[in-house]
> 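Sharing a structure here in structure tokens format.
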Protein chains: 2
Amino acid sequence: MSLIWGQLVATTGKTIRRPRTTIPLSRDRIEAHALELIEEQGIDLFSIRKLAERLGCQAMSIYNHFPSKAHIFDALMARVLGSIPIPDRSLTPAQRLREFAQSWRALARESPKFYLWLSICQWNSVAGTRFLSEMLACFYDAGFTPQRAAYGFRVLGYYVQGVATDESSGYANGPSSVDPIGAETLARDFPQVAEAHAFFTNEHFDNVFELGFGALLRKLELE
Amino acid sequence: MSLIWGQLVATTGKTIRRPRTTIPLSRDRIEAHALELIEEQGIDLFSIRKLAERLGCQAMSIYNHFPSKAHIFDALMARVLGSIPIPDRSLTPAQRLREFAQSWRALARESPKFYLWLSICQWNSVAGTRFLSEMLACFYDAGFTPQRAAYGFRVLGYYVQGVATDESSGYANGPSSVDPIGAETLARDFPQVAEAHAFFTNEHFDNVFELGFGALLRKLELE
DNA sequence: ACCTGAACACCGTTCAAGT
DNA sequence: ACCTGAACACCGTTCAAGT
């Protein structure tokens with residue numbers, strides 16, 4: 001009997017349990033703590049056992065709410081994609097696509113470690129399909145045929161996906177090389193990279209994003 | 001004494017070992033088999049122990065050649081990036097960038113499971129820097145300033161990265177949702193996605209790629 | 001219905017020992 | 001120098017048992 005779950009008190013030879021002092025488990029609480037743990041430690045160091053410790057329960061208790069670790073990740077995907085606001089339909093398709101792109105980038109910035117997983121998994125759940133559907137609607141509303149809508153989504157989506165991945169993993173969050181290149185080696189062997197280095201920083205993200213995104217929107221004749 | 005390593009034969013009361021029948025370990029052989037195993041089983045199911053079994057040795061023998069699993073992955077990154085051919089300098093910068101982009105996509109197609117890891121790790125090794133350097137050189141050769149070169153690389157790189165990630169994980173190789181959306185649900189709840197579905201297949205990759213890549217090259221005034 | 005402890009079949013890696 | 005077996009500290013998950 002763990003102290004975490006309450007105290008055993010002897011009264012008239014029987015033991016009764018005090019009301020629990022911890023919050024009960026729920027899918028919502030498990031998901032919230034899972035995301036927290038992932039952002040703190042990274043996806044590789046995340047484990048059901050650590051999550052249980054943080055929740056103040058045993059590892060196996062979590063299995064009463066999710067049948068497997070994969071189910072937890074599925075739920076996190078739905079939670080995170082579901083948090084993306086749907087732009088107002090009164091805006092133009094291009095404006096709505098811009099908002100989607102910024103939300104996508106924001107997601108990568110706010111949940112960088114989880115985003116790394118999100119960026120390589122298949123978005124073939126209902127939540128993933130809903131997100132795709134909302135973005136496709138912008139193209140259909142602009143009068144696109146299904147083919148042009150699909151092509152448009154793919155072209156813009158690939159670009160935003162690349163930007164977001166770098167924004168999430170570029171400087172600290174992806175697994176680093178075990179011996180990253182040093183400043184001296186960089187300056188000596190790769191002078192052109194060293195020269196351009198200042199323009200790979202975060203403060204250039206907005207400008208870089210706009211350079212490509214605007215060009216693609218205009219190519220698609222949306223702006 | 002495992003039979004894998006040789007046979008013990010009793011002669012005049014002593015045991016001698018027959019010459020080994022297996023190929024000796026080497027970094028090259030370990031790397032080659034590691035890539036094979038990753039492509040067969042996926043990065044999550046890859047393990048040192050399984051790799052050892054495939055190599056016909058004990059797990060710990062591998063540690064004579066690589067200090068850790070992370071070092072193996074570093075070596076695989078160098079091996080894979082190092083296999084990308086450097087386009088002939090007599091070509092125009094735009095032509096060379098097109099070749100780099102196609103090699104990048106080919107890598108994702110040929111090593112889709114490993115590519116998923118490559119796409120989220122930091123390219124801060126010497127091998128990663130060399131690849132970046134070669135692509136940056138195209139921009140410098142086109143007369144770009146360091147800033148425009150960095151912006152150009154980032155814009156094109158994000159796009160190719162997004163294309164390659166989808167080419168590697170889109171249809172089979174990334175972790176799937178534990179309950180993927182079914183065809184009926186798709187048709188009923190997401191008719192616009194269902195309509196566009198035919199244009200999300202692999203045969204459209206070349207056309208989709210060109211649509212965006214050409215637009216970006218022209219925006220950068222390289223074509 | 002929900003929670004638990006023990007167990008199982010895995011991991012990566014350390015260490016001391018063999019040749 | 002290279003290879004090994006046993007051990008350690010982890011995993012996700014199954015199962016039978018508790019309330």
Side-chain angles (χ1 to χ4, degrees), chain A residues 1-9 14-31 33-34 37-38 41-76 117 175 178, chain B residues 1-9 14-31 33-34 37-38 41-76 117 175 178:
Chain A
M1 167 56 62
S2 160
L3 278 180
I4 294 171
W5 286 103
Q7 287 177 298
L8 292 177
V9 183
K14 284 173 66 183
T15 60
I16 60 162
R17 182 153 28 170
R18 285 266 181 76
R20 75 196 316 158
T21 53
T22 47
I23 309 132
L25 284 181
S26 67
R27 286 178 63 98
D28 182 72
R29 207 165 86 83
I30 292 170
E31 290 170 16
H33 282 78
L37 187 54
I38 288 168
Q41 311 219 352
I43 225 110
D44 289 343
L45 266 44
F46 170 85
S47 76
I48 302 271
R49 286 161 131 104
K50 285 202 200 108
L51 176 57
E53 194 187 13
R54 172 170 299 230
L55 288 162
C57 69
Q58 297 301 116
M60 286 316 301
S61 305
I62 291 170
Y63 283 81
N64 288 302
H65 300 86
F66 292 98
S68 77
K69 194 180 173 182
H71 284 82
I72 296 179
F73 276 82
D74 242 37
L76 295 185
W117 178 81
V178 284
Chain B
M1 167 57 62
S2 160
L3 278 179
I4 294 171
W5 286 101
Q7 289 179 297
L8 291 178
V9 182
K14 286 174 62 185
T15 60
I16 59 162
R17 182 151 33 169
R18 287 264 181 77
R20 74 194 317 159
T21 54
T22 47
I23 309 132
L25 284 180
S26 67
R27 285 179 63 98
D28 183 71
R29 207 166 86 84
I30 292 169
E31 290 170 16
H33 282 77
L37 188 53
I38 287 168
Q41 312 218 353
I43 227 109
D44 289 343
L45 266 44
F46 170 86
S47 76
I48 302 270
R49 287 162 131 104
K50 283 201 199 110
L51 178 57
E53 193 186 14
R54 172 170 300 228
L55 288 162
C57 70
Q58 298 301 115
M60 286 316 301
S61 305
I62 292 170
Y63 283 81
N64 288 301
H65 301 86
F66 293 96
S68 76
K69 194 180 174 184
H71 284 82
I72 296 180
F73 275 82
D74 242 35
L76 294 184
W117 178 81
V178 283

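The structure displayed is predicted, hence computed values, not measured ones. Letters A, B, ... are given to chains in the order of the sequence lines, protein chains preceding strands, and every chain is numbered from 1.
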> Output all residues satisfying side chain to side chain donor-acceptor pair (under 3.5 Å) with Asp28(B), sequence neighbours left out; order by chain, then residue number.
Arg79(B)
> Identify, with sequence neighbours excluded, every residue that meets ring pair (Phe, Tyr, Trp, His ring centres under 6.0 Å) alongside Phe66(B).
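Partners of Phe66(B) under the ring pair (Phe, Tyr, Trp, His ring centres under 6.0 Å) test: none.
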> Nearest whole angstrom, please: distance from the C1' of dA1(D) to the CG of Asn64(B).
8 Å
> Both Arg49(A) and Ile62(A) contact DNA chain C. Which one's nearest nucleotide lies toward the 5' end?
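With Arg49(A) and Ile62(A) compared, the 5'-side residue is Ile62(A).
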> I'd like to check the ring pair (Phe, Tyr, Trp, His ring centres under 6.0 Å) partners of Phe73(B); sequence neighbours left out, ordered by chain and number.
Phe46(B), Trp117(B)
> In whole angstrom, give the distance that lies between atom CG of Asp44(A) and atom C1' of dC10(D).
14 Å
> Given dT13(D), dT14(C), dC11(D), identify the nucleotide with an atom nearest to the side chain of Met60(A).
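The answer is dT13(D).
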> Does dC11(D) have OP1 or OP2 sitting under 4.0 Å from an N or O in the side chain of Lys50(A)?
yes
> Measuring from the side chain of Leu25(A) (C-beta onward, heavy atoms only), which nucleotide among dC3(C), dC15(D), dC11(C) has the closest atom?
dC3(C)
> Please determine if a side-chain N or O atom of His65(B) lies less than 4.0 Å away from the OP1 or OP2 oxygen of dA1(D).
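Answer no for this pair, as no side-chain N or O of His65(B) is under 4.0 Å from OP1 or OP2.
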> Can you check whether Ser61(B) has a side-chain N or O nearer than 4.0 Å to OP1 or OP2 of dC2(D)?
no
> Given atom CG of Leu51(A) and atom C1' of dC11(D), what is their separation to the nearest angstrom?
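That distance rounds to 14 Å.
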> Starting at atom CD1 of Ile72(A), determine the distance to atom P of dG12(D), rounded to an integer number of angstrom.
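After rounding, the gap between these two atoms is 9 Å.
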> Show every salt bridge (Lys or Arg N to Asp or Glu O under 4.0 Å) that has at least one partner inside residues 51-68 of chain A, sequence neighbours left out.
Glu36(A)-Arg54(A), Glu40(A)-Arg54(A)
> Can you pull out every salt bridge (Lys or Arg N to Asp or Glu O under 4.0 Å) where at least one residue sits in residues 58-72 of chain B? Sequence neighbours excluded, please.
none
> If you write DNA chain D from 5' to 3' in dot-bracket form, with Watson-Crick or G-U pairs under 3.5 Å, [ ] for crossing pairs and | for pairs with another strand, what do you get?
||.|||||...|||||.||
